Amino acid sequence: MANIQKRRGKRGTTYRVEFMHEGKRISKSFKTRKEADKFNSNLTLNNDFADGFTNAILSQMTLSEAVIEFLSKYTKKDQSIISRLNFWSESIGELTLNKVTRKQVKNQLNQLEKDGK
């Protein structure tokens, strides 16, 4: 997860985005908060952009594997969570965790809504 810091210096205010990549702290500075937020969003949402900035577990474990692991430790009685997680496992479960984007989730939710009508 990236961190945005507001910095004041002789040349005015800048915004620094810090994130970890392969165990090293990397930072990039921007003149405006909007630019820093956009960069941070790209780190979070864009598959190609984010691939280089994720850890090994996220790039190796699929969503289905994560669901199976979670359910193996799940001890509560809420059966609806099991069916909801199975839906996600069936629809985009083949993707590694770092490849799941908000856009894909929204698309699946929209499809689910269409199928329910």
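Note that the structure is a prediction, hence the values are computed from the model and not measured.
Ser80 and Ser83 get closest at one heavy-atom pair: O-OG, 2.9 Å. Contact record, Gln108 with Ser91: OE1-CB, 3.2 Å, taken as the closest heavy-atom pair. Heavy atoms only, all atoms of each residue included: Ala36 and Tyr15 are closest at CB-CB, 3.8 Å. The heavy-atom pair separating Thr62 from Gly93 by the smallest distance is CB-O, 3.3 Å. For the residue pair Lys99 and Gln104, the shortest heavy atom distance occurs at O-OE1, 2.8 Å.
Residue pairs that meet the ring pair (Phe, Tyr, Trp, His ring centres under 6.0 Å) test with at least one member in residues 71-107, sequence neighbours left out, are Phe70-Tyr74.
Under the 4.5 Å side-chain criterion, counting only non-hydrogen atoms from C-beta, Leu95 is not in contact with Thr101. Side-chain contact between Asp37 and Lys34 is absent, with no heavy-atom pair separated by less than 4.5 Å. A 4.5 Å side-chain heavy-atom check between Lys76 and Ile81 finds every atom pair outside the cut-off. Under the 4.5 Å side-chain criterion, counting only non-hydrogen atoms from C-beta, Arg33 is not in contact with Lys6.
Atom CD1 of Ile4 sits about 12.0 Å away from atom CZ of Arg16, to the nearest 0.5 Å. Rounding to the nearest 0.5 Å gives a distance of 10.5 Å between NZ of Lys77 and CD of Gln79. Rounded to the nearest 0.5 angstrom, Thr13 OG1 and Lys31 NZ are separated by 13.0 Å. If you take CG on Asp115 and CG on Asn110, they are separated by 11.0 Å, rounding to the nearest 0.5 Å. A distance of 11.5 Å separates CG in Asn40 from CD in Glu18, rounded to the nearest 0.5 Å. Note that OG of Ser89 and CZ of Arg84 are 14.5 Å apart. Values are rounded to the nearest 0.5 Å.
There is a path of hydrophobic side-chain contacts, each under 4.5 Å, that joins Leu109 to Leu63. Taking hydrophobic clusters as Ile, Leu, Val, Met, Phe, Trp and Tyr residues chained together by side-chain heavy-atom distances below 4.5 Å, Val100 shares a cluster with Met61. Taken together through direct or relayed side-chain contacts under 4.5 Å among Ile, Leu, Val, Met, Phe, Trp and Tyr, Ile68 and Leu71 form parts of separate hydrophobic clusters.
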